[in-house]
Protein chains: 2
Amino acid sequence: MFFYICSMITELNSKQVEKISKALGDPYRLQIMDMISKRKDFMQCCEVSECFNLAQSTMSHHLKQLVEAELLVAEKEGRNLKFTINREICEAYSRYIARLGF
Amino acid sequence: MFFYICSMITELNSKQVEKISKALGDPYRLQIMDMISKRKDFMQCCEVSECFNLAQSTMSHHLKQLVEAELLVAEKEGRNLKFTINREICEAYSRYIARLGF
DNA sequence: TAAAAACATCGAAATATTTAGATATTTAAA
DNA sequence: TTTAAATATCTAAATATTTCGATGTTTTTA
């Protein structure tokens, strides 16, 4: 006898795909994603900012877009923000794209 | 004795990823990709145009961006253009995204 | 409790994208 | 060979995005 623990597989609708694509369609935001993905744990907002020669408000805006596209998850810790990659959304987006090539 | 016929696996650089993301970050272009991917063979430019309530020049512009991002391959046949999905690029892009979630 | 740190929000300028109409180009059909 | 069909290019307007500086909010530290 088998028991399946079946976690839902996220399926993105086209509005989500559009938003995610738009979020990734900027050199800074793409670099941010790359940087954060290379971390084992998380990355702090101010760390991210230090890597780029952009105003703090600009960086805040870019990070917000990545969070709104659900590519990043932001967790508040005191006066800091910790970012992690949202694996589930990355995988769902990746699957959506892969299916286009069939 | 074994012979490997080893086809190169396409690796995208971040400029390409940015361009592809930008190309996919528009509702019309995303729909175009969806439509063409659902076809077994190819799709003609004028067929694509008929599905949308957009000027011909606008459609031409959208298709051009998808071709320039290499998501679509355009083949000229007489006075028509045939579009097919560029599987290799879709897969390479999909892989790039999947790797972000690791 | 005053100051500083981390981040968000607002307003405005600079820049980029989207769109349509007019026109040009190429190829097929009459 | 004139006309029509399919597509591309150019220009300009409308719209959206990016960026910064100024200022606001929240939390920590002195």
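Proteins come first, then strands; the chains are lettered A, B, ... in the order of their sequence lines, and each starts at number 1.
Under a cut-off of 6.0 angstrom, the local environment of CG in A:Asn13 is crowded, with over 12 non-hydrogen atoms contributed by other residues, nucleotides or ligands.
Within the structure, a side-chain polar atom (N or O) of B:Ser60 is placed less than 4.0 Å from OP1 or OP2 of D:dA8. For C:dT27, neither phosphate oxygen OP1 nor OP2 lies less than 4.0 angstrom from any side-chain nitrogen or oxygen of B:Lys76.
Between B:His62 and B:Tyr28, the ring planes are tilted. Angles from 30° to 60° get that label.
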List, with names and distances, any nitrogen or oxygen atoms from the protein found under 3.5 Å away from nitrogen or oxygen atoms belonging to nucleotides 18-22 of chain C.
{"from": "C:dT18", "atom 1": "OP1", "to": "B:Arg29", "atom 2": "NH2", "distance (Å)": "3.0"}
{"from": "C:dT18", "atom 1": "OP2", "to": "B:Arg29", "atom 2": "NH1", "distance (Å)": "3.4"}
{"from": "C:dT18", "atom 1": "OP2", "to": "B:Gln65", "atom 2": "NE2", "distance (Å)": "3.3"}
{"from": "C:dT19", "atom 1": "OP2", "to": "B:His62", "atom 2": "NE2", "distance (Å)": "2.5"}
{"from": "C:dA20", "atom 1": "OP2", "to": "B:Ala55", "atom 2": "N", "distance (Å)": "2.7"}
{"from": "C:dA20", "atom 1": "OP2", "to": "B:Thr58", "atom 2": "OG1", "distance (Å)": "2.8"}
{"from": "C:dA20", "atom 1": "N7", "to": "B:Ser57", "atom 2": "OG", "distance (Å)": "3.2"}
{"from": "C:dA20", "atom 1": "N7", "to": "B:Thr58", "atom 2": "OG1", "distance (Å)": "3.4"}
{"from": "C:dG21", "atom 1": "N7", "to": "B:Ser57", "atom 2": "OG", "distance (Å)": "3.3"}
{"from": "C:dG21", "atom 1": "O6", "to": "B:Ser57", "atom 2": "OG", "distance (Å)": "3.1"}

Please tabulate the protein-to-nucleotide N/O contacts below 3.5 Å involving nucleotides 28-30 of chain C, giving atom names and distances.
none

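The minimum heavy-atom distance linking A:Asp26 with B:Glu18 is given by the pair N-CG, 3.9 Å.
In this structure, NZ of A:Lys64 is placed 11 Å from C1' of C:dC10, rounded to the nearest angstrom. Regarding A:Asn80, its CG atom lies at a distance of 10 Å from the P atom of D:dT29, rounded to whole Å. When rounded to the nearest whole Å, the span between CD of A:Glu75 and C1' of C:dC7 equals 16 Å. One interatomic measurement links the two molecules: CD of B:Gln44 to C1' of D:dT7, which rounds to 12 Å at whole-angstrom precision. Atoms CD (B:Glu18) and C1' (C:dA16) sit 12 Å apart, rounded to a whole Å.
Residues B:Val73 and B:Ile36 do not share a hydrophobic cluster, defined by chaining ILVMFWY side chains whose heavy atoms lie under 4.5 Å apart.
There is no side-chain donor-acceptor pair under 3.5 Å between B:Gln56 and B:Ser49. For the residue pair B:Ser21 and B:Tyr93, a side-chain donor N or O sits within less than 3.5 Å of a side-chain acceptor on the partner.
With respect to A:Lys22 and A:Glu68, no salt bridge is recorded, no charged nitrogen being found less than 4.0 Å from a carboxylate O. Between B:Arg39 and B:Glu47 there is a salt bridge, since a side-chain N of the basic residue sits under 4.0 Å from a carboxylate O of the acidic one.
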